[in-house]
Amino acid sequence: MKEYVLSLDQGTTSSRAIVFNKAGEIVSVGQYPYDQIYPKSGWVEHDPEVIWETERRAAEEAVKKAGVEIAAIGITNQRETTIIWEKATGKPIYNAIVWQCRRTAAICDMLSAKGYDEMITEKTGLMIDAYFSGTKIKWILDHVPGAHERAEKGELLFGTVETWLIWKLTGGKAHVTDYSNASRTMLFNIHTLDWDEELCEMLDIPMCMLPKPVENSALYGEVAEGIPGLESLAGVPVCGSAGDQQAALFGQGCFEIGEAKNTYGTGCFTLMNIGGEPVRSNSGLVTTVAWSIGGKTTYALEGSVFNGGSTIQWLRDGLGIINAAPEVNPLAESVSDSGGVILVPAFTGLGAPHWDMYARGALLGITRGTTKAHIARAALEGIAYQVTDMINAMRKDANCDIAVLHVDGGASVSNLMMQIQSDLLRIPVERPKVVETTAFGAAALAGLYVGVWNSLEEIAEAHESERTFYPERPAADAEKDYNQWKRAVGRACGWVEK
Ligand code: ADP
C-alpha cells in the first residue's frame with residue numbers, strides 16, 4: 001500500500017509542493033517564488049506558464065527529496081485568479097488576472113447599477129466584487145482581439161489555477177474545476193452546484209469555455225507521460241482539490257457544523273463550517289462551498305480582516321519599536337495589560353462586520369505612562385478584537401456557536417495573542433503541530449479518494465494539536481475591555497471625509 005500523498009500548493013507569491021505521510025507529517029518540500037506583474041496601478045497579473053513551471057519544479061524537487069512512491073496528488077491554489085488558454089495548443093491568450101486585481105471595478109459598478117446585487121448574492125453567496133473571476137473573464141474576452149468569437153466557437157478554455165494545473169498535469173485530458181473554486185467565480189450557483197446560465201449571459205461568457213464542476217475528492221485524471229521532471233509520477237491519480245481557504249478548513253479537521261479556523265497572516269481569514277445548507281449572512285460575510293465529497297456538500301461562511309500580521313509589520317517598519325516580528329511577543333509580555341491603550345488597525349478601512357472603507361487606524365487612551373510595550377500589547381489585542389468581531393458575526397449569522405477555533409498562519413505563533421483570543425471568544429483556541437494546514441487539506445482530499453485515509457475520522461487523527469489555549473481571564477473583565485474596543489471602533493469609523 002502506497003502511503004504518501006503529494007500536495008501542490010499554488011499560492012499568490014510562490015509555488016510549493018509538499019509530500020505528506022499517513023501520519024500527516026511533512027516528508028519533503030519544494031518551493032519556488034515567482035514574479036508579480038503590475039502593468040498599472042491596481043492591476044496584478046501572473047504569467048500562467050510561470051505558474052505551471054514553478055509548480056512543476058516544486059513537485060519535481062519534493063518528490064526527488066522524499067524518494068518515495070506517490071499514491072495520489074492533491075491541489076490547492078490561490079482562488080479567483082483567472083486564466084484563459086487555447087484548447088488546441090494550451091497557450092494562454094493573456095496573463096492570469098490575479099484575485100487582487102481591481103481592473104474590473106467598473107464592470108462591477110455597472111452590474112450593481114443594473115440591479116443585479118440581490119440575484120448574484122442569492123445564487124452565488126457572494127457580493128459583487130472585482131475579486132471574483134466572472135468579471136475578469138469578461139475583461140479578457142473584451143480586450144484580447146477576437147477572443148469572444150473564438151470562445152463562442154469552443155476554441156478557448158477558462159480555468160482558475162487548479163483547473164490550469166490539472167489540465168497541464170493530465171496532458172490536456174481533464175478540464176475541471178472543483179466546487180470550492182467554482183463557487184468563487186460569481187458564475188456558479190451554490191444551490192444547484194452548476195454554472196448558472198443567467199449569470200453567464202449577464203457577463204456575456206460562452207458556457208462552452210467553462211470547466212466541468214467536480215467534487216473535491218474525486219478522480220480528475222492521471223498524470224500524463226513525459227512531463228519533464230515528473231516522469232516518475234506518470235499514471236498517478238490527481239484526485240483532490242480545493243481553494244486555499246477551504247483546504248485549510250479541511251486540513252484543520254473542521255468537519256462538523258460550528259467548527260472554524262482562522263489564519264493569522266498578513267490579513268486574517270476565517271471560515272466556519274455551516275453544514276449542508278448555505279446560510280445567508282446578514283453582516284456582509286460570504287457564503288461558499290467548503291467541499292463536496294461522496295454527494296454530500298458542506299458550506300462555509302467566510303470573512304476576512306484586512307490588517308492582521310500587517311499590524312505587527314507596522315510596529316516594525318512604521319514605528320520602529322521592534323526589529324523583527326517575533327520581538328512583539330516579549331515586548332508585549334513585559335507589561336501585564338495595555339494600560340488602557342487601544343489600537344484599531346483600520347489602516348485600509350474595516351471589513352466585516354463593520355464594512356467602513358472610510359475608517360482609519362486609531363490609537364486611543366494614551367497617557368504619560370504609555371510605553372512602546374503598551375502599544376505592542378494593544379497591537380496584538382487589536383488583531384484579536386477584529387477577529388472577535390467577525391466571529392461573533394458568524395455566530396449570529398449561522399445561529400450556532402463555535403466549539404473550538406483552530407488557528408494557523410505566521411502570527412498564530414504568538415502565544416500571548418492566542419491567549420487573548422481565547423479570553424475574548426470564551427472558547428478554546430487550538431494550534432496544530434503541522435501548521436501547513438492548507439497543503440495538508442489538499443493532500444487529505446486526494447488521500448481520502450485513494451484510501452491513504454479511509455474516513456474523515458482517520459484524517460482528524462492525523463491532525464495533531466501542538467497547544468490549546470483556554471479562557472483564563474474572568475469573563476466580566478474580558479467583556480469590559482471588549483466594550484472599550486467597540487467604543488474605539490466607533491471613533492475610527494468614518495474618519496476619512498468623503
Ligand atoms: P502571508 O501568508 O499573508 O504572507 P504568513 O502566514 O506568512 O502571512 O504570516 C506573516 C505574518 O506573521 C506577518 O505579518 C508577521 O508580522 C507575522 N509574524 C511572523 N512571525 C511572528 C511572531 N513570532 N509573532 C507574531 N507575529 C508574527
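Whatever order the structure lists them in is the order used to number ligands and atoms, beginning at 1.
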(request) Please check atom 1 (P) of ligand 1 for a protein heavy-atom neighbour under 4.0 Å. (result) yes
(request) Mind telling me whether H406 and H463 have parallel, tilted or perpendicular rings, with 30° and 60° as the class edges? (result) perpendicular
(message) Determine whether W139 and W43 satisfy the following criterion, ring-ring contact (aromatic ring centres under 6.0 Å, His included), listing intermediate values before the conclusion.
(response) CA-CA 12 Å; W139 192 94; W43 291 30; 5.4 Å; yes
(request) May I ask you to identify the nearest protein heavy atom to atom 15 (C) of ligand 1, giving residue, atom name and distance to one decimal place in Å? (result) A325 CB, 3.9 Å
(request) Would you check the N or O atoms of N329, main chain and side chain alike, for any that come under 3.5 Å of an N or O of ligand 1? (result) yes
(message) Consider salt bridge (Lys or Arg N to Asp or Glu O under 4.0 Å). Of D337, D423, D481, which one does R473 pass it with?
(response) D481
(request) Assert yes or no for the condition that the ring centre distance of W164 to W85 is strictly below 6.0 Å. (result) yes
(message) Is it the case that the side chains of Y220 and E162 hold a donor-acceptor pair, with the cut-off being a distance below 3.5 Å and no angle test?
(response) no
(request) Name the closest protein heavy atom to atom 14 (O) of ligand 1, giving the residue it belongs to and the distance to 0.1 Å. (result) Q313 NE2, 2.8 Å
Side chains of residues 436-444: which donor-acceptor pairs under 3.5 Å do they make with residues two or more places apart or in other chains?
{"from": "E436", "atom 1": "OE1", "to": "R16", "atom 2": "NH2", "distance (Å)": "2.5"}
{"from": "E436", "atom 1": "OE2", "to": "R16", "atom 2": "NH1", "distance (Å)": "3.1"}
{"from": "T437", "atom 1": "OG1", "to": "D408", "atom 2": "OD2", "distance (Å)": "2.7"}

(request) Decide, yes or no, whether a salt bridge links R79 with D244 under the criterion of side-chain N to carboxylate O below 4.0 Å. (result) yes
(request) Specify the protein heavy atom at minimum distance from atom 25 (C) of ligand 1: its residue, its atom name, and the distance to 0.1 Å. (result) I312 CD1, 3.8 Å
(message) List the residues meeting ring pair (Phe, Tyr, Trp, His ring centres under 6.0 Å) with W291, not counting sequence neighbours, and say none if there are none.
(response) F250
(request) Taking only heavy atoms of G409 into account, list the atoms of ligand 1 that are under 4.0 Å away from them. (result) 6 (O)
(message) For atom 22 (C) of ligand 1, what's the nearest protein heavy-atom neighbour? Residue, atom name and distance, please.
(response) V413 CG2, 3.4 Å
(request) Ignoring hydrogens, just give me the one of S310, S412, G410, G265 whose non-hydrogen atom is nearest atom 19 (C) of ligand 1. (result) G410
(message) What protein heavy atom lies closest to atom 3 (O) of ligand 1? Include the residue and the distance to one decimal.
(response) T266 OG1, 2.7 Å
(message) Please list the nearest protein heavy atom to atom 16 (O) of ligand 1 with its residue and the distance rounded to 0.1 Å.
(response) G309 O, 3.1 Å
(message) Please compare P326, S14, A411, G267 and report which has the shortest non-hydrogen distance to atom 17 (C) of ligand 1.
(response) A411
(message) At under 4.0 Å between heavy atoms, is it the side chain or the backbone of T263 that contacts ligand 1, or both, or neither?
(response) neither
